[in-house]
> 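Input: one structure, supplied below.
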Protein chains: 2
Amino acid sequence: MTFETRIERTLMAVVDRCKDPSAPKKLSAAIEYAVFPGGSRMRPRLCLSVAQACGDRNPSVAEAAAAAVELMHCASLVHDDLPCFDNAATRRGKPSVHSAFGQQIAVLAGDAILVLAYEALLDGAAECPELLVKLFRILSRSVGVPGGIIAGQAWEYEATLNLAVYHRAKTAALFNAAVQSGVVAAGSDPTQWRNFATRLGEAYQVADDLRDCLSTPEELGKPTGQDSLHERPSAVSALGVNASVKRLGCLIEDALASIPSCPGQDELKALIKTEMDRLTPRRRSTYAA
Amino acid sequence: MTFETRIERTLMAVVDRCKDPSAPKKLSAAIEYAVFPGGSRMRPRLCLSVAQACGDRNPSVAEAAAAAVELMHCASLVHDDLPCFDNAATRRGKPSVHSAFGQQIAVLAGDAILVLAYEALLDGAAECPELLVKLFRILSRSVGVPGGIIAGQAWEYEATLNLAVYHRAKTAALFNAAVQSGVVAAGSDPTQWRNFATRLGEAYQVADDLRDCLSTPEELGKPTGQDSLHERPSAVSALGVNASVKRLGCLIEDALASIPSCPGQDELKALIKTEMDRLTPRRRSTYAA
């Protein structure tokens with residue numbers, strides 16, 4: 001079964017519980033709308049790839065962990081798009097959740113998807129309580145305070161911030177959780193994977209900053225130029241386009257070099273290369289100098 | 001040690017992790033502000049009372065469960081007060097979180113406290129993975145979709161709703177979780193406690209509806225008359241004041257009669273009576289007819 005099938009099937013099973021006839025219909029619809037169709041599903045694919053590279057000893061636990069990480073990502077997108085934050089009218093090529101369902105349902109859908117992430121983990125890993133405890137800890141740290149994605153978003157409202165700390169929390173934390181969860185679900189030791197996860201998370205943030213600056217809304221399915229519009233710190237504003245592209249290349253090389261020795265090392269390397277190539281925006285002539 | 005001390009100590013320990021120097025300061029401050037000082041802490045006191053009535057075999061697990069339920073309640077208050085919902089300027093006798101910290105930090109603080117609830121449970125029950133799995137399930141059901149407090153709030157945006165279903169989700173679900181968690185933490189069987197929890201939750205909702213209609217903002221520390229202002233379904237709008245007071249009395253009697261036989265049955269009955277007496281608003285002469 002492909003990673004894609006495993007991810008969508010797991011997400012569908014957990015989102016289905018929200019479609020129970022006893023649930024309020026708008027909220028159920030908004031939850032499904034926020035989760036399907038997905039974007040690149042990069043984080044859950046990373047989780048399953050790493051689990052597979054480590055031998056994938058508990059495939060259903062890995063699937064639950066992958067779904068949980070993706071649901072946390074979906075929840076954060078719903079809230080980040082709200083008028084008080086990015087005020088983004090579109091997401092994944094369609095109206096954002098608050099544009100389609102109103103602000104109230106969007107706040108509640110974000111909250112509900114966050115809870116759903118924990119339920120996904122519980123559904124898939126309840127039979128392995130020891131793994132469940134570890135996975136709950138990894139997931140919570142990557143989302144909460146002090147160092148998770150919620151804290152990362154909150155850094156934007158501080159008078160001063162450290163770009164590395166901000167990016168680590170806002171983006172790398174959940175990548176880190178995807179990698180660590182994959183390793184833990186496969187019954188391996190996550191400490192060896194820390195460098196890989198950190199470099200990859202940072203690379204993704206730089207790629208995202210570059211895409212926000214160089215891509216079109218049609219290419220991304222969401223508004224672009226947001227970092228500059230919201231005066232948000234970004235790799236591009238700190239380093240410029242050319243140095244950011246160079247930095248991205250170095251981070252990808254570092255990430256690939258940090259993959260620990262494991263049975264599926266070569267397949268994982270190939271997947272990361274393809275993924276990062278897809279994410280690196282083609283520079284237009286105006287920026288090519 | 002009193003229930004109050006056990007609850008505040010557990011909440012402080014979990015909120016302290018958000019005050020790590022590496023966390024964004026406004027968010028940390030907003031989280032602490034939303035949790036302390038508390039309101040009546042009714043849900044965690046209920047959880048510990050029930051655990052004690054059942055023999056309190058795992059006191060630290062009961063404390064973790066009590067803190068988790070209270071944190072879910074605090075998170076819901078922060079989001080419910082937002083301008084797009086109740087637009088409440090005050091809560092617990094001081095400015096609401098969004099009034100004090102802005103909307104963005106309030107949305108993020110609500111999200112972070114929700115995650116913190118799971119972390120509280122994890123901290124206190126990680127040594128008892130089997131209990132942890134049960135408590136996670138109880139907590140998630142009481143908060144998420146289809147029947148938890150988030151779904152309860154979302155019912156307000158449906159064209160039609162059943163008042164009992166709405167109240168069960170909006171209020172009774174978390175009372176139910178407080179009771180069930182206390183029973184489970186003590187190692188007892190929660191099925192016998194279902195009627196008690198349901199009646200008590202419904203009683204609290206009726207009392208809350210009456211207080212919204214009959215009390216002053218000074219008495220409650222938050223705006224009153226909100227159900228009527230937001231055209232929200234309530235026991236008072238459905239039944240009128242007098243029938244609601246009568247219904248409240250019946251629900252309290254039913255709840256007390258539903259307490260299963262257990263070592264601390266009498267103490268629990270006394271506590272519920274005192275609590276419900278405190279919550280029942282004294283009727284003013286204009287309503288006394």
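As the structure is a prediction and not an experimental result, all values here were calculated from the model. A note on names: the letters A, B, ... follow the listed sequences, proteins ahead of strands, and every chain is numbered from 1.
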> When only pairs under 4.5 Å are counted, which of A:L161, A:D20, A:L122 shares the most heavy-atom pairs with chain B?
A:L122
> Can you say whether B:Y118 sits under 4.5 Å from chain A via the side chain, the backbone, both, or neither, judging by heavy atoms?
side chain
> With a 4.5 Å cut-off on heavy-atom pairs, point out which of A:D123, A:L108, A:L139 contacts chain B the most.
A:L108
> Can you tell me which residue among B:V61, B:V14, B:I138, B:L135 is in a side-chain contact (heavy atoms from CB on, under 4.5 Å) with B:L121?
B:L135
> Does the pair B:I113 and B:V35 meet the rule for a side-chain contact (heavy atoms from CB on, under 4.5 Å), with working shown?
CA-CA 9 Å; B:I113 296 171; B:V35 180; 4.2 Å; yes
> So which residue, A:R17, A:R137, A:Q153, ends up with the most heavy-atom pairs under 4.5 Å with chain B?
A:R137
> What residue in B:K25, B:Q103, B:E156 has the most heavy-atom pairs under 4.5 Å with chain A?
B:K25
> Looking at A:R141, A:E119, A:K26, A:E130, which one has more heavy-atom pairs under 4.5 Å with chain B than the rest?
A:K26
> Between A:P146, A:G110, A:A151, A:A169, which has the largest tally of heavy atom pairs under 4.5 Å with chain B?
A:P146
> Between B:D86 and B:R232 (salt bridge meaning N to carboxylate O under 4.0 Å), is one present in this structure?
yes
> Out of B:I105, B:V107, B:V143, return the one with the most heavy atom pairs under 4.5 angstrom to chain A.
B:V107
> Around atom CZ of B:R92, are there more than 12 heavy atoms from other residues, nucleotides or ligands closer than 6.0 Å?
yes
> Would you say A:V78 and A:R91 make side-chain contact, with heavy atoms under 4.5 Å?
no
> For B:E158, does the CD atom have more than 12 heavy-atom neighbours from other residues, nucleotides or ligands under 6.0 Å away?
yes
> Quick check on the interface: out of A:L82, A:L116, A:D111, who has the most heavy-atom pairs with chain B under 4.5 Å?
A:D111
> Can you check whether A:Y33's main-chain N or O pairs, donor with acceptor, with A:K94's side chain at less than 3.5 Å?
yes
